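For reference, the structure discussed in these notes is given below.
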2 protein chains.
Amino acid sequence: MSTYHHGDLRAALLRAAGKRLEKQGIAALSLRGAARRAGVSHNAPYRHFADREALLAALAAEGFHLLGQELDKASGREMGEAYVRFALQHPQRFRLMFGGRIALDKHPQLRAAASSAFDQLQAAFSGYVLDARTAAAAAWSLVHGLSHLILDGHFEQRDEEFVKRVLGAVRFAVGPQRSA
Amino acid sequence: MSTYHHGDLRAALLRAAGKRLEKQGIAALSLRGAARRAGVSHNAPYRHFADREALLAALAAEGFHLLGQELDKASGREMGEAYVRFALQHPQRFRLMFGGRIALDKHPQLRAAASSAFDQLQAAFSGYVLDARTAAAAAWSLVHGLSHLILDGHFEQRDEEFVKRVLGAVRFAVGPQRSA
DNA sequence: ACCTGAACACCGTTCAAGT
DNA sequence: ACCTGAACACCGTTCAAGT
């Protein structure tokens, strides 16, 4: 047995850190801890991650890919609800993705993963609104802010019903309801 | 001279930490560092803050009070722009206030300061919409999400013009434009 | 290439002690 | 009450060394 890590130490570290993330929160993430849990010396992770932030960036990238898959499954107006649902189901992951702990400039793969998810939101607006970019920015802001504020505990409610009501209270002025 | 700290060590620590916050970011905040800069032993801060999180909570509370003042100055529809402006002018403070680093449950003064600011946003909707709470939640989500996404660098633009265009793209369906 | 142990400079936090 | 120094258990990161 004695889990050897051949080429997959990187994967093992991500698995260990990902587990710890949702259970203990971002602050509990450490390179030394991940190494310990993967059964290697505290120094081995540096072969795969330049520093702690690189580990966080990799975990965040996983999150963006997962979010993209969830948005893919939803269509049109349900995408907003899917976005909020993702945040509520993976609170720590969501915070990691959007908490400003990672400098996007230094991690191009992360920026790519993020804007890919944004593109999907934007696509939902293409073709039927005048200024799709602006409408998409507003829609993203809405769902993103709602997610964050719920996670931070600033609303009394956090059920699906509440989310739908808030999202339903908004119309996009540049949208089709104007030319209709 | 030799700055004695009589009763104001707390204030001195907050001043030192606040300075460091905007310059170096949240991760650079430490009780030991604040003590060093205030000229006391690394242990003195514990007389005024139970732990590191209590220091962060106090800094965040300052931020909520400041945000409240800015919202006070603005009226009605300008409050949204004022909110985003506050975030862009105090990025690290804003992240501290909303980054999920502080457990609101353990710091009631912080929760109070936060919901006081929210009340101001909500007041802007009272009396002229059917469901003021829902509309206010949507409006807060919109400006909050926009602020965060701009800070995280997810939009190419971040000028006032862009902010106005995004905020202007939204109508609140429960608002007066329906019954009008 | 991949992994190791030793070392350095930082933390938060606790404790016993001083005034 | 307020402050101190010593101590403990953690970090991230670097370095010289092993296979």
Side-chain angles (χ1 to χ4, degrees), chain A residues 1-21 23-60 92 95-96 99-103 106-107 110, chain B residues 1-21 23-60 92 95-96 99-103 106-107 110:
Chain A
M1 288 303 186
S2 90
T3 348
Y4 274 131
H5 24 270
H6 7 139
D8 66 354
L9 174 55
R10 185 192 152 88
L13 290 169
L14 280 176
R15 218 178 315 121
K19 247 185 186 170
R20 192 156 178 82
L21 172 61
K23 280 198 294 189
Q24 307 286 128
I26 301 171
L29 290 180
S30 73
L31 285 174
R32 287 179 102 114
R36 212 180 304 128
R37 250 155 270 133
V40 295
S41 88
H42 68 265
N43 223 326
Y46 284 90
R47 294 295 131 195
H48 300 97
F49 301 101
D51 50 25
R52 180 179 186 264
E53 188 175 306
L55 174 67
L56 299 192
L59 286 170
Q92 300 293 344
R95 283 194 195 291
L96 180 60
R101 277 138 178 127
I102 308 161
K106 299 200 301 196
H107 301 277
L110 188 55
Chain B
M1 289 298 186
S2 92
T3 349
Y4 274 131
H5 25 270
H6 8 141
D8 66 355
L9 175 56
R10 187 192 151 88
L13 291 169
L14 280 176
R15 217 177 315 122
K19 247 185 186 172
R20 191 155 178 84
L21 172 61
K23 280 200 293 191
Q24 307 286 130
I26 300 170
L29 290 180
S30 73
L31 285 175
R32 288 179 101 112
R36 212 180 304 128
R37 250 155 269 133
V40 294
S41 88
H42 67 266
N43 224 325
Y46 284 90
R47 294 294 132 195
H48 300 96
F49 301 101
D51 51 23
R52 179 178 187 264
E53 189 175 306
L55 174 68
L56 299 192
L59 287 170
Q92 299 293 344
R95 283 193 194 293
L96 180 61
R101 278 138 179 128
I102 308 163
K106 299 199 301 197
H107 301 277
L110 188 55

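Chain naming here is simple, since letters A, B, ... match the order of the sequence lines and numbering starts at 1 in each. For clarity, every value in this text was computed on a predicted model and none was experimentally measured.
- Rounded to the nearest 0.5 angstrom, A:Arg101 CZ and B:Arg101 CZ are separated by 3.5 Å.
- A donor-acceptor pair under 3.5 Å is absent between the side-chain atoms of A:Arg20 and the main chain of A:Ala34, judged by distance alone.
- In this structure C:dT14 sits in a base pair with D:dA6, meeting the Watson-Crick or G-U test at under 3.5 Å.
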*Starting from the C-alpha separation in whole Å, work towards a yes-or-no answer on side chain to side chain contact (heavy atoms under 4.5 Å, CB included) for B:Arg95 and B:Ile26.*
CA-CA 8 Å; B:Arg95 283 193 194 293; B:Ile26 300 170; 3.8 Å; yes
_Within the 4.0 Å limit for protein heavy atoms, which parts of nucleotides 9-16 of chain D are touched? Write it as a string from 5' to 3', B for base, S for sugar-phosphate only, - for none._
--BBBBB-
*Show your working on side chain to side chain contact (heavy atoms under 4.5 Å, CB included) between B:Leu14 and B:Leu55 and close with a plain yes or no.*
CA-CA 8 Å; B:Leu14 280 176; B:Leu55 174 68; 4.0 Å; yes
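- By the 4.5 Å heavy-atom criterion applied to side chains, B:Leu96 and B:Ile102 are counted as neighbours.
- In this entry D:dT19 has C:dA1 as its Watson-Crick or G-U wobble partner, both defining distances falling under 3.5 Å.
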